[in-house]
Colleague: 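Okay, here's the structure, questions in a sec.
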2 protein chains.
Amino acid sequence: MSDDRVHATETSIRVLEGIVELDGEAGITELATHLSVAKSTIFKHLNTLERKGMVVRHGDRYRIGLRTLEFGGYAQRYEGIYDTAHPEVRQLADESGELANLMFEELGKGVYVYTAEGDKAVDINTQTGRRDFLHSTGIGKAILATFPKERVKEIIETHGLPRATEHTITDEDELFDELATIREDGIAYDHEESTLGMACIARPLSTPTERHAAISITGPVSRVMDEEKEQEIRTLLDRAGNVIELNLTG
Amino acid sequence: MSDDRVHATETSIRVLEGIVELDGEAGITELATHLSVAKSTIFKHLNTLERKGMVVRHGDRYRIGLRTLEFGGYAQRYEGIYDTAHPEVRQLADESGELANLMFEELGKGVYVYTAEGDKAVDINTQTGRRDFLHSTGIGKAILATFPKERVKEIIETHGLPRATEHTITDEDELFDELATIREDGIAYDHEESTLGMACIARPLSTPTERHAAISITGPVSRVMDEEKEQEIRTLLDRAGNVIELNLTG
DNA sequence: TCCGCCGTTTCGCTCTGGCGAACAGCCCAC
DNA sequence: GTGGGCTGTTCGCCAGAGCGAAACGGCGGA
């Protein structure tokens, strides 16, 4: 590992990040002050990014361009898991009526790689590509449970255990206890740990690749945690998980 | 328009493009020869891109990272059209059983921003984020029909009218005639113009934003072009289009 | 064991990315 | 109208960074 890096590329990416941080839309001066970089610098970067479609301008405002979506599509597709898993996740959404998710780990955080809405699903902004901490969601904890203790410690070191709600697990020991339970049980729960009022039941996927992944169903506590419904969801997750794992090894 | 540009950023993006061109996965030397750039240069760029999650390495192979998917999500979301249109497109897929698409124009090409599969849908690789020429697909022609003639000429100048199949329209005058028909009719057809055996019926969306868009249903010629089914699809597209346009202006 | 391929590192030279300041266009207040 | 303050845009300079060529090291196949 060396510190050979291309500084200009980093600034360009910071420009993209800046646009996101400024609610997806920004002007040149706005970005310059937000990132503490000279206006003229931002100008040049936006110019090149626009030329490549990574950014698009509406008048004098810049937004993230659809070109990024193209690259995103490749990122999805070239993980074999996606192809076999996404129809199952969609079916999960149809059968449960709730929100179904597929998450991959990357750089110690969780990325929603596919999300499907059932007919009763709440309109929470869980959208494709979103990144989330692993410790504060059920689906994230399911992924963490598939990692060796060392790796989990590494992740905690880099990202910490920030609190999302009053129920978020922020204590390291408590987290390790929880992960042990998940490993035994094969299922992870999330009781309002990432969003108040929302619960989530998740199942890790054991994959032949280096990519760690999990699937989950999310919904309002009242619906998802109802004893009968909970059993039904566990069954659905298990079936889907088995199908995916079977197709992957097959 | 000036030629102020950040060369290093362009190389970084070319690296991403290179990975895609090499079927989504590449090594350093491979990329260096493919892009005619020094190995050490590629090395540095990949290092930087990896640190930012734009690229991910499995052993000594590099792939597009999921970080791009995150940016892609923002690109989708910050077009108001997406939020109101994507549930309708999903419903189109469910009702027709075929493939339903939502396309936006960007930089003179068409981007599939949302795609949904019905239960009989063929597994063609029309995936989210894919870019296509506008002249050689039904949904693309629907978008072209919403542009003034000048803009269409510009697009032809930059991208040409490359042939995809023997049925692709490659003559400029013929294309303009076709676009006139589409404007009158409100519906665009694609008879094996982009893929042999496949047909597509599309409807332009008139939006209050600068983004030009269209929706379509795609399937095998035998199914989609059946007279009865064709009428059904036209009705479905019209209903969905009206709902979307109503929600956008409302 | 050697050869060849690949990723990694080193090392200069050149060029360019980044800055600050000046310029230009727009809109609003007055 | 007209001036001030906000944009985006351009100019020119200089340290430093991007890039290439070549050398290094590690792995695997012949």
Side-chain angles (χ1 to χ4, degrees), chain A residues 1-65 78 106-107 209-210, chain B residues 1-65 78 106-107 209-210:
Chain A
M1 180 64 61
S2 75
D3 59 346
D4 264 335
R5 44 163 105 233
V6 183
H7 194 246
T9 297
E10 281 182 343
T11 17
S12 273
I13 297 176
R14 275 181 52 210
V15 167
L16 292 179
E17 291 169 348
I19 295 179
V20 169
E21 284 157 19
L22 295 169
D23 291 322
E25 188 179 301
I28 290 185
T29 313
E30 207 177 337
L31 272 169
T33 55
H34 179 72
L35 298 173
S36 315
V37 180
K39 269 200 301 180
S40 54
T41 305
I42 301 285
F43 177 73
K44 281 193 216 173
H45 280 270
L46 282 175
N47 242 331
T48 32
L49 289 172
E50 186 191 2
R51 222 181 284 252
K52 287 288 191 176
M54 304 292 283
V55 129
V56 72
R57 74 186 275 182
H58 291 197
D60 276 340
R61 313 287 297 166
Y62 287 85
R63 297 185 186 172
I64 304 294
Y78 282 94
E106 190 167 290
L107 295 178
T209 73
E210 297 127 69
Chain B
M1 179 65 61
S2 75
D3 59 347
D4 263 334
R5 36 149 122 264
V6 182
H7 195 248
T9 297
E10 282 182 341
T11 344
S12 273
I13 297 176
R14 274 181 52 209
V15 168
L16 291 179
E17 291 169 350
I19 295 179
V20 169
E21 284 157 20
L22 295 169
D23 291 322
E25 188 180 301
I28 290 186
T29 314
E30 207 177 338
L31 272 168
T33 54
H34 179 73
L35 299 173
S36 315
V37 180
K39 270 200 300 181
S40 55
T41 305
I42 301 285
F43 176 71
K44 283 192 214 173
H45 280 270
L46 282 176
N47 244 329
T48 326
L49 289 171
E50 186 192 1
R51 221 182 284 254
K52 287 286 193 179
M54 303 292 284
V55 130
V56 73
R57 74 187 275 181
H58 291 195
D60 276 342
R61 314 287 296 166
Y62 288 85
R63 297 185 186 172
I64 303 294
Y78 282 94
E106 189 167 292
L107 295 177
T209 72
E210 296 127 69

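No hydrogens, no waters, no symmetry mates; every other heavy atom, side chains included, goes into these values. Per chain, numbering begins at 1; letters A, B, ... match sequence-line order. Every value quoted in this text rests on a predicted model; they were computed, and no experiment measured them.
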Colleague: Just how far, in rounded Å, is P of D:dG8 from NE2 of A:H58?
Modeller: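 Answer to the nearest Å: 15 Å.
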
Colleague: Report, as yes or no, whether the 6.0 Å neighbourhood of atom NE2 on B:H58 holds more than 12 heavy atoms from other residues, nucleotides or ligands.
Modeller: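 Enclosed.
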
Colleague: Is any NZ, NE, NH1 or NH2 atom of the basic residue among A:R5 and A:E10 found under 4.0 Å from an Asp or Glu carboxylate oxygen of the other?
Modeller: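 Looking at A:R5 and A:E10, the cut-off is met.
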
Colleague: Any idea which heavy atoms bring A:R51 and B:L107 closest together, and the distance?
Modeller: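 Smallest interatomic distance, heavy atoms only, reads O-CD1, 4.2 Å.
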
Colleague: Shortest non-hydrogen contact from B:L46 to B:I19?
Modeller: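 Scanning both residues completely, I find the closest heavy atoms to be CD2-CD1, 4.3 Å.
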
Colleague: Working to the nearest 0.5 Å, report the span between CG of B:L49 and CD1 of B:I13.
Modeller: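 Here the interatomic distance stands at 9.5 Å.
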
Colleague: Give the rounded distance in Å between these two atoms: CZ of A:F43 and P of C:dA22.
Modeller: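 Checked: the CZ to P distance equals 19 Å.
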
Colleague: Nearest-Å distance, OH (A:Y62) to C1' (D:dT7)?
Modeller: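 To the nearest whole Å, that distance equals 12 Å.
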
Colleague: To the nearest 10°, let me know how far the axis at one end of the helix from C:dT1-D:dA30 to C:dC30-D:dG1 is tilted from the axis at the other, five pairs an end.
Modeller: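 About 40° separates the two local helix axes.
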
Colleague: Rounded off to whole Å, could you give me the CD-to-P distance for the B:E10 and C:dC15 pair?
Modeller: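 The answer, rounded to whole Å, is 17 Å.
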
Colleague: Roughly how far apart are B:K52 NZ and B:S12 OG, rounded to 0.5 Å?
Modeller: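 Atom-to-atom, B:K52:NZ and B:S12:OG are 12.0 Å apart.
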
Colleague: Tell me what B:R61 touches on the nucleic acid: a base, only sugar-phosphate, or nothing, going by heavy atoms under 4.0 Å.
Modeller: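 No contact at all - B:R61 keeps every heavy atom at 4.0 Å or more from the nucleic acid.
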
Colleague: For nucleotides 15-28 of chain D, just jot down a letter per nucleotide in 5' to 3' order: B, S or -, based on protein non-hydrogen atoms under 4.0 Å.
Modeller: ---SBBB-------

Colleague: If you round to the nearest 0.5 Å, how far is NE2 of B:H7 from OG1 of A:T48?
Modeller: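 NE2 of B:H7 is found 11.0 Å from OG1 of A:T48.
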
Colleague: Between A:R61 and A:E30 (salt bridge meaning N to carboxylate O under 4.0 Å), is one present in this structure?
Modeller: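 Judged by the 4.0 Å cut-off on N to carboxylate O distance, A:R61 and A:E30 do form a salt bridge.
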
Colleague: Distance check needed: C:dG17 C1' versus A:L46 CG, whole Å only.
Modeller: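 Nearest whole value for this atom pair: 15 Å.
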
Colleague: Hey, what do you get for CG (B:L35) to NE2 (B:H45), rounding to the nearest 0.5 Å?
Modeller: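 With rounding to 0.5 Å, CG (B:L35) is 10.5 Å from NE2 (B:H45).
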
Colleague: Does anything in residues 16-28 of chain B reach DNA chain C, meaning a heavy atom under 4.0 Å, and if so which residues?
Modeller: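 By residue number: B:G27, B:I28.
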
Colleague: Might you point out which heavy atoms bring B:L31 and B:A26 nearest each other, and give the distance in Å?
Modeller: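 Smallest interatomic distance, heavy atoms only, reads CG-CB, 3.8 Å.
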
Colleague: Using every non-hydrogen atom in the two residues, find where B:I28 and B:I42 come nearest and quote the distance to one decimal.
Modeller: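 Heavy atoms of B:I28 and B:I42 come nearest at O-CG2, 4.1 Å.
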
